[in-house]
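Quantities reported herein were computed from a predicted structural model and do not represent experimental measurements. Quick note: numbers below take in every heavy atom, side chains included, and nothing from hydrogens, waters or symmetry partners.
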Amino acid sequence: RIQNVIDMVERALNTIKNNKYYKIIELKYFDDMTLEYISETLGIGTTTIKRHKNVMIRQLQLVIFLDEIIKNILN
């Protein structure tokens with residue numbers, strides 16, 4: 001079951017990997033960096049970082065939760 005969750009998250013992440021701001025997700029969630037550090041690293045403002053991070057998180061939620069709902073319907 002854990003492997004299914006990991007696979008689902010990886011599939012969802014693949015849907016946003018080509019996003020120009022994907023590095024925000026990597027730095028924030030995989031490297032545990034602060035928004036201020038990300039801002040300095042990428043040379044963009046924290047408001048822009050928050051906005052693009054939230055958009056990508058919503059996209060991930062749609063992919064993950066719709067996938068889970070479809071699985072439940074089919075089972």
(request) Kindly work out whether a path of hydrophobic side-chain contacts (I/L/V/M/F/W/Y, heavy atoms less than 4.5 Å apart) joins Ile64 to Phe30. (result) yes
Could you tabulate the donor-acceptor pairs under 3.5 Å formed by side-chain atoms of residues 34-61, not counting sequence neighbours?
residue	atom	partner	partner atom	Å
Thr34	OG1	Tyr37	N	3.0
Ser39	OG	Ile44	O	2.6
Thr41	OG1	Tyr37	O	2.8
Asn54	ND2	Lys50	O	3.1

(request) Determine whether the side chains of Gln3 and Asp7 contain a donor N or O and an acceptor N or O closer than 3.5 Å. (result) yes
(message) Can you confirm whether more than 12 heavy atoms, excluding those of Asn18, are under 6.0 Å from its CG atom?
(response) no
(message) Going by the rule side chain to side chain donor-acceptor pair (under 3.5 Å), which residues pair with Asn19 if we only count those two or more places apart in sequence or in a different chain?
(response) none
(request) Would you give the length of the straight line joining atom OG1 of Thr15 to atom OH of Tyr22, rounded to the nearest 0.5 angstrom? (result) 9.5 Å
(message) With rounding to the nearest 0.5 angstrom, report the OH to CG distance, Tyr29 to Leu13.
(response) 11.5 Å
